[in-house]
Amino acid sequence: MLNTSDTPGEREESEFGDPLQRIWAACVLPYVGVAEVRRVVFRTVTVWTDETRADWLRQARREAAALTT
């Protein structure tokens with residue numbers, strides 16, 4: 001699973017406990033037959049540069065390619 005966030009990782013973990021991981025991995029995907037959940041978060045979106053965005057896209061492509069091997 002790939003998603004973006006404007007919340008810094010430390011804050012999300014300390015204040016919210018990574019709710020997207022909990023929701024998708026425990027409450028949604030198991031019910032549609034997905035047993036393994038891998039998640040990559042690209043952050044912080046509001047301060048990204050063109051170079052950062054290009055890096056994120058390259059990483060997303062690598063993650064997607066790894067699923068087919």
Side-chain angles (χ1 to χ4, degrees):
M1 176 178 10
L2 305 175
N3 73 274
T4 58
S5 176
D6 281 333
T7 306
E10 304 79 33
R11 179 172 179 244
E12 183 172 308
E13 184 62 33
S14 69
E15 292 186 34
F16 309 115
D18 202 353
L20 286 179
Q21 178 69 24
R22 286 196 324 258
I23 290 168
W24 285 101
C27 301
V28 176
L29 296 175
Y31 297 100
V32 295
V34 177
E36 180 184 347
V37 177
R38 289 182 273 168
R39 182 167 166 248
V40 177
V41 182
F42 300 102
R43 61 176 96 226
T44 303
V45 176
T46 54
V47 295
W48 64 269
T49 64
D50 288 342
E51 182 179 330
T52 300
R53 183 176 180 275
D55 288 340
W56 290 346
L57 290 171
R58 280 190 288 277
Q59 183 179 353
R61 286 184 191 100
R62 284 192 305 271
E63 295 289 339
L67 295 173
T68 61
T69 60

Item to check | With V37 via side chain to side chain contact (heavy atoms under 4.5 Å, CB included) - residues at least two apart | outcome: M1, Q21, A25, L29, V34

Item to check | Partner set under side chain to side chain contact (heavy atoms under 4.5 Å, CB included) for V28, not counting sequence neighbours | outcome: I23, W24

Checklist entry - Who passes salt bridge (charged side-chain N to carboxylate O under 4.0 Å, His left out) against E15, sequence neighbours left out? => result R11

Next on the checklist: Can a donor-acceptor pair be found, under 3.5 Å and without considering hydrogens, that links the side chain of R43 to the backbone of T7?
Outcome noted: yes

Hey, can you pull the donor-acceptor pairs under 3.5 Å for the side chains in residues 57-66, sequence neighbours left out?
from	atom 1	to	atom 2	distance (Å)
R58	NH2	D55	OD1	2.3

Item to check | salt bridge (charged side-chain N to carboxylate O under 4.0 Å, His left out) partners for R39, two or more places apart | outcome: E12, D18

Checklist entry - What pairs with S14 under side chain to side chain contact (heavy atoms under 4.5 Å, CB included), at least two apart in sequence or on another chain? => result none

Item to check | salt bridge (charged side-chain N to carboxylate O under 4.0 Å, His left out) involving E10 - partner list, sequence neighbours excluded | outcome: none

Checklist entry - Tell me, which pairs form a salt bridge (charged side-chain N to carboxylate O under 4.0 Å, His left out) where one or both residues lie in residues 22-31, sequence neighbours left out? => result none

Item to check | Whichever hydrophobic residues join F42 through chains of side-chain contacts under 4.5 Å | outcome: L2, V40, V45, W48, W56

Checklist entry - Apart from F16 itself, what residues make up its hydrophobic cluster, given side-chain heavy atom links below 4.5 Å? => result none

Checklist entry - Cluster partners of Y31, using ILVMFWY side-chain heavy atoms under 4.5 angstrom, listed by chain and number? => result none

Checklist entry - Going through the checks in order, is the salt bridge (Lys or Arg N to Asp or Glu O under 4.0 Å) test met by E36 and R38? => result CA-CA 7 Å; E36 180 184 347; R38 289 182 273 168; 3.2 Å; yes

Checklist entry - What residues form a side chain to side chain donor-acceptor pair (under 3.5 Å) with T44, not counting sequence neighbours? => result none

